Undergrad: 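Please read through the structure below; I'll follow up with questions.
What you see is a predicted model; the values in this text were computed from it and never measured. Sequence lines set the chain letters: A, B, ... in the order given, protein chains first and strands last, and positions in each chain run from 1.
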Amino acid sequence: MKPPPFEYHAPRDLGQALSTLAEVRGKVLAGGQSLIPMLNMRLAAPEHLVDINRVPELAVMEAAPDGVRIGAAVRHAEVERAGVHPLLVRALKLVAHPVIRNRGTVVGSLAHADPAAELPAVLAVLGGSVRLARAGAPERDVGAAEFFVGPMESAVQEGELAVSAYFPALGPRTGGAFEEVTRRHGDYALAGVCAVVTLGEDGAIEAARLACIGVGPVPVVVDVTGSPDDAARIVSERTEPDGDVHASAAYRRHLVGVLAERALRNATREAQARGA
Amino acid sequence: MEHEITLVVNGTARRVTVPARRLLSDCLRHDLGLTGTHVGCEHGVCGCCTVLLDGRPVRSCLTFAVSVDGAELTTVEGLSSGGRLSPVQRAFAECHGLQCGFCTPGFLCTVTALLEENPAPTEEEVLEGISGNLCRCTGYQNIVKAVHRAAELLAEEA
Ligand SMILES: Cc1cc2nc3c(=O)[nH]c(=O)nc-3n(C[C@H](O)[C@H](O)[C@H](O)COP(=O)(O)OP(=O)(O)OC[C@H]3O[C@@H](n4cnc5c(N)ncnc54)[C@H](O)[C@@H]3O)c2cc1C
Ligand code: FES
Ligand code: FES
């Protein structure tokens, strides 16, 4: 189908973008890879679209030793190509297909807040944050734990723009992994687990965190530092998957346990390789 | 409201007036008469509307024409030059990489960009590269062969 009519705004700088959003209260158009399908299927009919693709301040990516800040107009493919954050890049390769990633943005994936999307899990497991701006107010940083509010619902308020996201780097003796099961390559996951493991000087697990997707309204973060060997059971107990045409709730619950074990094992192996 | 935009399509600047909601796929097909770009699902899944935007493959059904005002586009009509099919097009013909041809424009644009970025892809890289394009006829085997053959042809002609 065709999208419903809307009024189009293409601000040329950040100030203009914020004042337009404050005035028209429209929807932000970033890569359009989730929004345009929703418009084409007439699942949304915003009166105004504010296109942020011509706002130069948002097209920047800053990589520092302690983490990477990614502007709202930076596309999945650009982050992948820059290779700035190994765990983020690994997760990006699981997002849709290369052609979709040429348009889709990292911040758009976070703002869209699909419960089966990969990037929210990466932000959640790392304890990253999203920076929000609105006209005439100071910017605010919202941590991942508060940013994901519910299925397709983030902390971005009407008239607000997510300007960037910050993904902390993995520290020394720390490894990451992302494991998921999809019906077809590039589909949203039936379930998935992002793991980050830090080893002590002696090689024992010092910290182990998991973020699970497709098994709750938002990424479910589980700390299994105390009992990594029991991760599958803990995760199955802590998640509340729904059943749908793709998989039953019981299958998802089983799957997330298996994936948790696998992700932990792979993250531990990577931590060892990184100089434990 | 209507918007006047300029698109550089296959090397020619085209001015066109479109409503904001005009999808790039419809702009190419209906406003510019370039019906080589096909439309299947209109939600990003089938890949047959794929065109090159500033050299990179994108879904024209998930892009608004107004959003890409000023950009350079290559559609399937722009792949051949001087009446001669491009190496990717010749490889698809030679390897029987198409039957009904509905998916073909999207595959050709996707593969053209894939081989530009990675002139000698492995089997796995080819599968990953075309994973976003659906074909209901060929069973994909000959498309995969065509991608490898196109890589050979491009190497020979380089
Ligand atoms: C075939 C297909 C398969 C896909 N598979 C996957 C998958 O496996 N995993 C996955 O995670 N995603 C998948 N996606 C979705 C894709 O990753 C989207 O690109 C992404 O979810 C949204 O990013 P975008 O920049 O395209 O945002 P848009 O589509 O432009 O926007 C999405 C939503 O976020 C809001 N928004 C965007 N940016 C901002 C901002 N800066 N501030 C405030 N609000 C904002 C918009 O208003 C809109 O509501 C798939 C898409 C397609 C078409
Ligand atoms: S028509 Fe665009 S992906 Fe199917
Ligand atoms: S040749 Fe018919 S769909 Fe691919």
Side-chain angles (χ1 to χ4, degrees), chain A residues 1-12 26-55 73 75-78 80-81 92-104 108 182-188, chain B residues 1-3 5 18-27 30 39-71 106-107 109-114 117-118 121 124-134:
Chain A
M1 281 202 298
K2 309 300 175 190
F6 55 83
E7 207 168 308
Y8 175 78
H9 308 267
R12 300 295 158 137
K27 269 234 164 256
V28 174
L29 172 68
Q33 304 301 289
S34 291
L35 184 56
I36 300 179
M38 295 205 318
L39 297 174
N40 286 357
M41 292 187 265
R42 302 271 172 131
L43 296 173
E47 270 174 48
H48 297 269
L49 282 195
V50 182
D51 184 345
I52 60 168
N53 286 286
R54 292 176 199 270
V55 177
R75 307 193 191 279
H76 297 144
E78 292 172 62
E80 243 179 294
R81 227 171 273 125
L92 277 166
K93 295 211 182 289
L94 302 172
V95 176
H97 309 288
V99 176
I100 305 283
R101 300 200 295 266
N102 277 339
R103 287 299 285 172
T182 55
R183 286 258 168 189
R184 293 166 305 193
H185 181 76
D187 280 3
Y188 277 106
Chain B
M1 201 179 96
E2 302 274 304
H3 299 261
I5 61 170
V18 291
R21 70 185 184 123
R22 179 79 88 243
L23 298 171
L24 179 59
S25 44
D26 289 337
C27 177
H30 304 308
V39 169
C41 66
E42 276 182 345
H43 56 269
V45 173
C46 73
C48 72
C49 68
T50 306
V51 300
L52 304 181
L53 169 67
D54 294 324
R56 296 252 154 81
V58 302
R59 298 289 198 243
S60 61
C61 76
L62 297 188
T63 310
F64 288 120
V66 269
S67 241
V68 295
D69 182 14
F107 271 102
C109 287
T110 306
V111 171
T112 298
L114 172 71
E117 202 165 318
N118 182 357
E124 211 165 279
E125 286 166 342
V126 170
L127 294 181
E128 157 82 6
I130 61 171
S131 63
N133 292 67
L134 301 182

Undergrad: Tell me if the CD atom of E124(B) is crowded by more than 12 foreign heavy atoms within 6.0 Å.
TA: no
Undergrad: Check each atom of E7(A) against the heavy atoms of chain B and say whether the ones under 4.5 Å are side chain, backbone, both or neither.
TA: neither
Undergrad: Which heavy atom in P57(B) sits nearest to a heavy atom in A113(B), and how many Å separate them?
TA: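 Between these two residues, the closest heavy atoms are CD-CB, 3.4 Å.
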Undergrad: Is it the backbone or the side chain of L53(B) that comes under 4.5 Å from a heavy atom of chain A, or both, or neither?
TA: side chain
Undergrad: Verify salt bridge (charged side-chain N to carboxylate O under 4.0 Å, His left out) between E117(B) and R81(A), making sure each step is shown before the conclusion.
TA: CA-CA 11 Å; E117(B) 202 165 318; R81(A) 227 171 273 125; 3.7 Å; yes
Undergrad: The test is ring pair (Phe, Tyr, Trp, His ring centres under 6.0 Å); show your working for H3(B) and Y8(A) and say whether it passes.
TA: CA-CA 9 Å; H3(B) 299 261; Y8(A) 175 78; 5.6 Å; yes
Undergrad: Between P19(B) and chain A, which part of the residue has a heavy atom less than 4.5 Å away: side chain, backbone, both or neither?
TA: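 Neither part, no heavy atoms under 4.5 Å.
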Undergrad: With a 4.5 angstrom heavy-atom cut-off, could you sort out which part of S131(B) is near chain A: side chain, backbone, both or neither?
TA: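 Both backbone and side chain.
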Undergrad: Under 6.0 Å from the CD atom of E47(A), do we count more than 12 heavy atoms belonging to anything else shown?
TA: no
Undergrad: In terms of heavy-atom proximity below 4.5 Å to chain B, should R75(A) be classed as side chain, backbone, both, or neither?
TA: neither
Undergrad: Under a 4.5 Å heavy-atom cutoff, which of E42(B), E128(B), H43(B) has the most pairs with chain A?
TA: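 Most pairs with chain A among the choices: E42(B).
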Undergrad: Which atoms of T110(B) come close to chain A, meaning under 4.5 Å heavy atom to heavy atom: side chain ones, backbone ones, both, or neither?
TA: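 The answer is the side chain of T110(B).
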Undergrad: Please flag which part of V68(B) lies under 4.5 Å from any non-hydrogen atom of chain A: side chain, backbone, both or neither.
TA: both
Undergrad: Give the ring-plane orientation class for H97(A) versus H185(A), where under 30° counts as parallel, over 60° as perpendicular and anything between as tilted.
TA: tilted
Undergrad: Who among N133(B), V58(B), V66(B) has the most heavy-atom pairs with chain A under 4.5 Å?
TA: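 Heavy-atom pair counts peak at V66(B).
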Undergrad: Taking all heavy atoms of N40(A) and all of P3(A), pick out the closest pair and write down the distance.
TA: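 Smallest interatomic distance, heavy atoms only, reads OD1-CD, 3.2 Å.
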Undergrad: Got a donor-acceptor contact below 3.5 angstrom from the R54(A) side chain to the R12(A) backbone?
TA: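 Here the side-chain-to-backbone pair does not exist.
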Undergrad: What part of L29(A) is in contact with chain B, defined as an atom under 4.5 angstrom from a non-hydrogen atom: side chain, backbone, both or neither?
TA: side chain
Undergrad: Using non-hydrogen atoms only, which part of D26(B) is less than 4.5 Å away from chain A: side chain, backbone, both, or neither?
TA: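 Contact with chain A is through the side chain of D26(B) alone.
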